[in-house]
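In what follows, a single structure is set out as structure tokens and then discussed.
Please read all numbers here as calculations on a predicted model, not as lab measurements. Quick note: residue numbers are just sequence positions, from 1. Side chains included, hydrogens not; waters and symmetry mates left out as well; all remaining heavy atoms used.
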Amino acid sequence: MTEGIFDAGTSLEERILGGLDSEQREVATTLTGPLCVLAGAGTGKTRAITHRIAYGVHSGVYSPQRLLAVTFTARAAAEMRSRLRDLGVGNVQARTFHAAALRQLQFFWPQAIGGTLPNLLDHKANMIAEAARRLRLSTDRASIRDLAAEIEWAKVSMLTPANYLENAQGRGTPGGFDLTAVSRVFQSYEDIKTDRNVIDFEDVLLITVGILQEDPKVAATVREQYRHFVVDEYQDVSPLQQRLLELWLGGRDELCVVGDSSQTIYSFTGASPKHLLGFKAQYPGANVVKLVRDYRSTPQVVKLANDLLGSRRSGGPMADAAWAAPLKLVAQRPAGPEPRFMECPDDEAEAAVVAGRIRELLDAGVKASEVAILFRTNGQSEAYEQALASAGIGYQLRGGERFFARKEVRDAILQLRAATRAVAEGPREPLGQVVRDIVASLGYTDAAPHNGGALRERWESLAALVALADELAVSRGGEFTLAEFVNELQERSVAQHAPTVQGVTLASLHAAKGLEWDAVFLVGLSEGLMPISFADTPESVDEERRLLYVGITRAREHLTLSWSTARTPGGRANRKPSRFLDGLRPDSVVGASARSRSGPSKRKAAAPASCRVCGSMLATGAERKVGRCSQCPPTYEEQTFEALRQWRKDEAQSNEVPAYVVFTDATLTAIAEAKPASLEELSTLAGVGPSKLEKYGEAVLAVLAENTGE
């Protein structure tokens, strides 16, 4: 048993299990056999599984060298290793699927295949561009990116260029190319890699799977090395990762998986929750533990998250497994402020209002590093960068320049490393003070500079290193040395596990997965952005709902949800709030679509999401106005529709405006098919606002009465 971090006067259970709730304790003490942990957002899943590993090692059930913990990002793996070190089991392997497979591939390649392992390709873009040129296909950066994503999806789905076409039906036109062209680019890309003796990240998994399948000696060696497995974020495994896990297990069942199907947001990469949802079928005797106590968010935030999932109407991936239905979180924190809903006239105004609200929070004592603005697409960030800069608020763009690549950070690590010998020979001082003294020569001061710009950014980077030193000195104990701190920084640099920087975080909803803040602003929540316009199936819309759920559950206390009614100042106010907010925001009901807050309090029904004829998802605004997909035949009488078109033409000519200004074709079709008999019925149709109702309502009803016999 590892000593040094626990009080020897306490029992093993008190040392490791004392701070766990009953469900977390059940996870931590179930050390053998298949175990499925269904863990809702903020319920302490990482705490539960790291304490399980520590308890298993300290009690002698696990050999630390024979347990492999697998997660999906290098940052998450680094965080897990850090927690395990704090629990006295720092020699347990915690890696991503790719890192674990690459390590095995590097070791077994000479004996299984022979020769030297090919070089690993960092980026596909150049080779895919060359593959397209060989086929005389015209591409740009966007199409190259889409082709790369499609090839990655194909490979993690264990498809080859030969069988891609038959298995990719319904995936649209990646990069603007038909699937036949995509399969040819796929084959050309693979040929170029072979010619140049390089492999990509997906090949690392594919080749490892191939070796384990074909070489019994290698498979036996790996299975002897690893006896127990823990897989975090199991809802996000791809078919290829699942196959690799099965080969590692070799028919054994010493497996603990942790996941939440309500947080499945990466299906476009090949991830699928079916393995989590099918775990009980694969392992009928498996223990299933549900973590539902939310320690992160206030009851107000938790209620909003529960209500969002509770109002879902589509099937989605959770429909097939009743035992894995959406977890209903139970808040454990004291009450906090109600979530705010804000409607703004345009994107610029929305950004300005958000920046103003953030300034209020900062003035009230909330740290800038505890505030985040989350959006659906990275292209939305620019307006918020400008608004924060104008307000004098520092920010960091997640996905921008990596922390450890910054010059001041590289310089600081070099100076810290150079100072390790001198510090070791001199009198001992607190680690935080030692680090402060060393980085002072690079511009660090205890007080932040008043001005912004590059000087402020440089100071914030150095301040993050100092804060990390203070944090580790506490968590690792008073004996934590400067040399150990430098080693920690080196490991974090490799894993891109950056310390916290003092600045508001700007990030996409996808990039925010696994993170949390005191205050979260979910912005741009209008139809077309949430759900995104190309979400055109019930499954894809359901994933968009889960993405919003992930965004909501990032907030600990303050949560603001906002949208704008127009893109630019003075533009047409034709945007509607996201359908996901119906029934959640004040004065709305499920199925209601938003009018402007200045309009009548009575709200019209939402444009239907599915075709009333065939039931398929409606993909465009025009289809939703009509309530029918473009493939299904119209249900209006030709005479009625032509009479309405003639009336619209005459009205437009009379007022010297284009016909669509009176009513669009989609709205005219909806009127012809619905045949409203009163102004009230006419007002419920999409595209018929108060002003048009007042201006044209009586005339439209007269045309309908004359041509339908009503």
Side-chain angles (χ1 to χ4, degrees), residues 311 313-314 341 343 525-528 531 541 563 565-566 572-630 632-637 639-641 643-645 647-648 651 659-710:
S311 63
R313 293 186 294 276
S314 55
F341 294 84
E343 182 170 280
L525 300 182
S526 59
E527 284 288 315
V541 170
W563 62 94
T565 57
R572 291 186 62 191
N574 56 2
R575 283 180 173 173
K576 304 296 183 184
S578 168
R579 70 190 75 169
F580 299 147
L581 302 183
D582 290 347
L584 303 182
R585 55 194 172 84
D587 302 322
S588 70
V589 296
V590 175
S593 63
R595 289 188 182 185
S596 169
R597 291 191 181 276
S598 61
S601 59
K602 183 178 180 180
R603 300 177 180 270
K604 47 172 81 172
S610 57
C611 175
R612 65 170 179 268
V613 179
C614 68
S616 64
M617 177 64 68
L618 300 179
T620 67
E623 288 182 346
R624 286 192 287 273
K625 277 187 177 182
V626 176
R628 172 177 48 76
C629 69
S630 58
C632 288
T635 58
Y636 57 70
E637 296 175 2
Q639 174 187 345
T640 302
F641 184 68
L644 285 169
R645 286 186 63 184
W647 165 81
R648 182 182 66 172
E651 190 70 33
Y660 69 82
V661 171
V662 180
F663 283 122
T664 64
D665 285 348
T667 300
L668 213 63
T669 301
I671 293 171
E673 295 194 355
K675 293 187 291 186
S678 66
L679 290 175
E680 183 177 3
E681 291 180 12
L682 181 60
S683 70
T684 64
L685 300 180
V688 184
S691 61
K692 291 192 177 184
L693 186 69
E694 182 179 353
K695 185 180 291 187
Y696 306 123
E698 295 291 354
V700 167
L701 294 178
V703 172
L704 290 173
E706 184 177 342
N707 288 276
T708 61
E710 297 181 10

Does any non-hydrogen side-chain atom of F580 lie less than 4.5 Å from one of L525?
no

Considering all heavy atoms, the nearest L701-P676 contact:
CD2-O, 3.4 Å

Do V662 and W647 come within less than 4.5 Å of each other through their side chains, counting heavy atoms only?
yes

Taking the side chain as every heavy atom from C-beta outward, state whether P577 and E343 have any pair of such atoms under 4.5 Å apart.
yes

What distance do R572 atom CZ and T565 atom OG1 have between them, rounded to the nearest 0.5 Å?
12.0 Å

Heavy atoms only: give me the nearest L685-A674 pair and the separation to one decimal.
CD2-CB, 3.9 Å

Would you please test L704 and I671 for side-chain contact (heavy atoms from CB on, under 4.5 Å) and show each step?
CA-CA 9 Å; L704 290 173; I671 293 171; 4.1 Å; yes

Do L644 and Y636 have side-chain heavy atoms sitting under 4.5 Å apart?
no

Would you mind reporting whether P531 and S578 have side-chain heavy atoms less than 4.5 Å apart?
yes

Just so I know, are the side chains of W563 and R575 near enough to count as touching, which here means a heavy-atom distance under 4.5 Å?
no

For a side-chain contact (heavy atoms from CB on, under 4.5 Å) check, start with the C-alpha distance between E681 and K675, then their side-chain angles and the critical distance, and finish with the verdict.
CA-CA 9 Å; E681 291 180 12; K675 293 187 291 186; over 6 Å; no

Please report the closest heavy-atom contact between L584 and F341, naming both atoms and the distance.
O-CZ, 3.7 Å

R579 bridged to E527 by N-O distance under 4.0 Å
yes

Rounded distance [0.5 Å steps], NZ in K576 versus CG in D582
11.5 Å

